[in-house]
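Reading through the structure tokens given below for one structure.
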Amino acid sequence: MRHTCRGTINLATANISVEDSCNFIISNGGAQTYHLKASSEVERQRWVTALELAKAKAVKMLEESDDSGDESVSQTDKTELQSTLRTLSSKVEDLSTCNDLIAKHGTALQRSLSELESLRLPADSTEKIKQVNERATLFRITSNAMINACRDFLLLAQTHSKKWQKSLQHERDQRIRLEETLEQLAKQHNHLERAFRGATVLPAGTAGSGDSAKDPCCSAKGDLSDEDDDNEFFDAPEIITMPESMGHKRTGSNISGTSSDISMDEQYKHQVEDTKKEKRTRIPYKPNYSLNLWSIMKNCIGKELSKIPMPVNFNEPLSMLQRLTEDLEYHELLDRAAKCESSLEQLCYVAAFTVSSYSTTVFRTSKPFNPLLGETFELDRLEENGYRSLCEQVSHHPPAAAHHADSKHGWTLRQEIKITSKFRGKYLSIMPLGTIHCVFHASGNHYTWKKVTTTVHNIIVGKLWIDQSGEIEIVNHKTGDKCNLKFVPYSYFSRDVARKVTGEVMDPAGKVHFLLLGTWDEKMDCYKVAAGSGDNGAEGRQRPHEAEDSRVPLWKRNQLPKYAENMYYFSELALTLNAPESGTAPTDSRRRPDQRLMENGRWDEANAEKQRLEEKQRLARKRREAEAARATEDGTPYDPYKPLWFERKKDPVTQELAHVYRGGYWESKEKQDWSGCPDIF
């Protein structure tokens, strides 16, 4: 009855009148009138009766309280409220009785004192008696004031408590209704989705025997027309399923692609132990556990995601440090950029590398593990690919990871990324903060850029899908060249290509030399702007579409491995990242026990282990805080937590404070001297 939208009529003041046998009218006597027609006279009379009853109830509610929007209070709450008021009343009665007794005894005391005054006593005794008499009078006045204040309090309680109780009950009922509606909606949507898949996907799978039926992950866009771009998002995996049974169902790796109950041990008999010649090409298949998603997510709306305790059911068996290392999947783009003589051409390859880091996210809707403070991850591909990389978690709140990679092909990449994320009910926004630096040794060209916002849609209802949106400015601090990349957000109403990225590479004067066009999940092409076609005019911008022969392919996404849909949609590089390796630091993500248990399909044990690790980290933090507090009290110096392999410095180029690799990791690995590493697992 409150917070109404346009077009509503308040029942308490509504006029309900019958027009003829089937028609009746509801109006508010003003602008709003509804002419309604029932199917029969009986049906009309049922509606009119129901509305009249509702109107009577509304009028009664309006009379009971000036707050016409409050819901009716439950009988239990009414009884409780009345009981409280009765108790308060009895206490005030007790106080009144005490007051009467005080007044009675006070009067008797004053009479006795007056009698004493009339007696012939020494002068100083008379003075004392007067003082006692005055104090008795003050005492009686004070007690009267106290009783009056108690009466006022009771009156206020009786006046307002009913109103507050109704408001509280109204809010409580609204919240319960919202939760029930959303949960019901989620179940209905899930049921419809399954019915749809059963009706369309299964016949196609039985009728056809092509590779696309067996391996849907390898054809992201092939089977979809431009008219159905929004259906592309249904390729994303469903990280939470709600089957009727709690079975531990797995999809087997047999040729037909049908599900089977092959044991985890048979699927994954032994883990590869530190071999650089042969990298693993598969991990245990993802189990199909059910989880009540809404029961977890309803308490998370508006909160910082890193502070919400999540079960591993939401995760993939990689940490954020390993996910950061995946940026190097297309490292050959930087190798090619290092060979470019023109800084503008080099900038095109750097831009393509920037876009390529998002290609792995299109199907990856699961969340990586939050690294523990001091956790590290190394990737030594010096022999195979010419680079090696190191990541370390340098801060826990806010979560921040520092990354450093060196290549013998003449480039260095470093970044410190702080992840901030907000759950907004329908979608999740992930905002990486921090600058990425790429330096080419031969030319001295120093490029910097920042990442765009990632949004995960359909968190509660429907298939999860990911979108990237925003703009990236890549700057060459040596020459002043710039590249502006625009990630176009997906729109249901747009006829444009989904996940589109456009860019312009320009010199310090602002003249455009190259145009970039592509998608962040598939490919990037480069078009040279011909001389004399205009600096930034429309003529120059349309040149690529007119001159296809000027197109230079910069980057194309690698195909996903076969049966990737059963392995968290991991790329070939991602499949190798958590493979056990000997000689790594004791803080390496590969040694993290909850992540390893999850990878092996033992999710219940992984959840218990995750809680143990997080509790251990909390205790360590409290210990540091206690030491800092003691040091402050004693006035003694205290060293705050410092990362082991990175140190915080002011960047001379961006003037930002950032964690930079201090060196020493690879030397420690060679000596196998890990004495400085904290015990975090």
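Start at 1 with the first residue, then count along the sequence. The structure presented is a predicted model; accordingly, all values stated were derived computationally and were not measured.
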So, [X] side chain and [Y] main chain: donor-acceptor pair closer than 3.5 Å or not?
X: Asn315; Y: Pro317; result: no
X: Arg602; Y: Leu597; result: no
X: Arg44; Y: Asp20; result: yes
X: Asn10; Y: Ala12; result: yes
X: Trp520; Y: Ser359; result: no
X: Asn607; Y: Val312; result: yes
X: Asp467; Y: Tyr490; result: yes
X: Thr420; Y: Met431; result: yes

Query raised in the report: Picking from Glu316, Glu609, Lys610, Gln322, what satisfies side chain to side chain donor-acceptor pair (under 3.5 Å) with Gln595?
Result: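 When Glu316, Glu609, Lys610, Gln322 are each tested with Gln595, the side chain to side chain donor-acceptor pair (under 3.5 Å) holds only for Gln322.
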Query raised in the report: Between Phe487 and Thr453, is a side-chain contact (heavy atoms from CB on, under 4.5 Å) present by the stated rule, with each step listed?
Result: CA-CA 10 Å; Phe487 288 67; Thr453 298; over 6 Å; no
If every non-hydrogen atom of [X] is compared with every non-hydrogen atom of [Y], which pair is closest and at what distance?
X: Pro561; Y: Phe570; answer: CD-O, 3.2 Å
X: Tyr34; Y: Ile9; answer: CD1-CD1, 3.7 Å
X: Thr365; Y: Leu464; answer: CG2-CB, 3.8 Å
X: Val452; Y: Ser469; answer: CB-O, 3.4 Å
X: Thr360; Y: Glu329; answer: CG2-OE1, 3.2 Å
X: Leu318; Y: Glu326; answer: CD1-OE2, 3.8 Å

Rounded distance (nearest 0.5 Å) linking atom [atom1] of [X] with atom [atom2] of [Y]:
X: Asp525; Y: Thr519; atom1: CG; atom2: OG1; answer: 9.0 Å
X: Ile16; Y: Leu51; atom1: CD1; atom2: CG; answer: 5.0 Å
X: Thr454; Y: Tyr358; atom1: OG1; atom2: OH; answer: 6.0 Å
X: Arg323; Y: Lys367; atom1: CZ; atom2: NZ; answer: 11.0 Å
X: Cys22; Y: Trp47; atom1: SG; atom2: CH2; answer: 14.5 Å
X: Lys55; Y: Thr13; atom1: NZ; atom2: OG1; answer: 8.0 Å

Query raised in the report: So do Asn558 and Glu572 actually touch side chain to side chain, heavy atoms under 4.5 Å?
Result: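 A side-chain contact under 4.5 Å is absent here.
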Query raised in the report: Heavy atoms, side chains only, cut-off 4.5 Å: are Met320 and Phe369 in contact?
Result: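 The answer is no, as the side chains (C-beta and beyond) never meet within the 4.5 Å cut-off.
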Query raised in the report: Could you go step by step and tell me if Glu471 and Lys486 meet the salt bridge (Lys or Arg N to Asp or Glu O under 4.0 Å) rule?
Result: CA-CA 5 Å; Glu471 294 187 11; Lys486 186 180 180 185; 5.0 Å; no
Requested in this report: Could you give me the CA-CA distance, side-chain angles and deciding distance for Arg175 and Glu171, then say whether salt bridge (Lys or Arg N to Asp or Glu O under 4.0 Å) is met?
Outcome: CA-CA 6 Å; Arg175 194 197 70 211; Glu171 293 301 323; over 6 Å; no
Requested in this report: On the 0 to 90° scale, with breaks at 30° and 60°, tag the Tyr569-Phe363 ring pair as parallel, tilted or perpendicular.
Outcome: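 Rings of Tyr569 and Phe363: parallel, under 30°.
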Query raised in the report: For the residue pair Tyr427 and His457, does the interplanar ring angle fall in the parallel (under 30°), tilted (30 to 60°) or perpendicular (over 60°) class?
Result: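 The rings of Tyr427 and His457 sit tilted, inter-plane angle from 30° to 60°.
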Are there over 12 heavy-atom neighbours, none belonging to [X], within less than 6.0 Å of that residue's [atom1]?
X: Glu52; atom1: CD; value: yes
X: Lys556; atom1: NZ; value: no
X: Arg46; atom1: CZ; value: no

Requested in this report: Please step through side-chain contact (heavy atoms from CB on, under 4.5 Å) for the pair Asp496 and Val488, ending with a clear verdict.
Outcome: CA-CA 10 Å; Asp496 217 339; Val488 181; 5.7 Å; no
Query - Pair Arg618 + Glu615: basic N to acidic O under 4.0 Å - result: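 Salt bridge flag = yes for Glu615 with Arg618.
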Query raised in the report: Can you list the residues that meet the salt bridge (charged side-chain N to carboxylate O under 4.0 Å, His left out) rule with Lys451, with sequence neighbours excluded?
Result: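 Only Asp327 meet the salt bridge (charged side-chain N to carboxylate O under 4.0 Å, His left out) criterion with Lys451.
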Report task. Would you please say whether a donor-acceptor pair under 3.5 Å links the side chains of Arg172 and Gln169? Result ->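 Per modelled atom types, Arg172 and Gln169 side chains form a pair under 3.5 Å.
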Query - Test side-chain contact (heavy atoms from CB on, under 4.5 Å) applied to Trp603 and Met598, step by step - result: CA-CA 5 Å; Trp603 285 15; Met598 190 215 165; 3.4 Å; yes
Requested in this report: Take Lys166 and Met61, measure what side-chain contact (heavy atoms from CB on, under 4.5 Å) needs, and give me the verdict at the end.
Outcome: CA-CA 11 Å; Lys166 281 186 177 182; Met61 284 170 68; over 6 Å; no
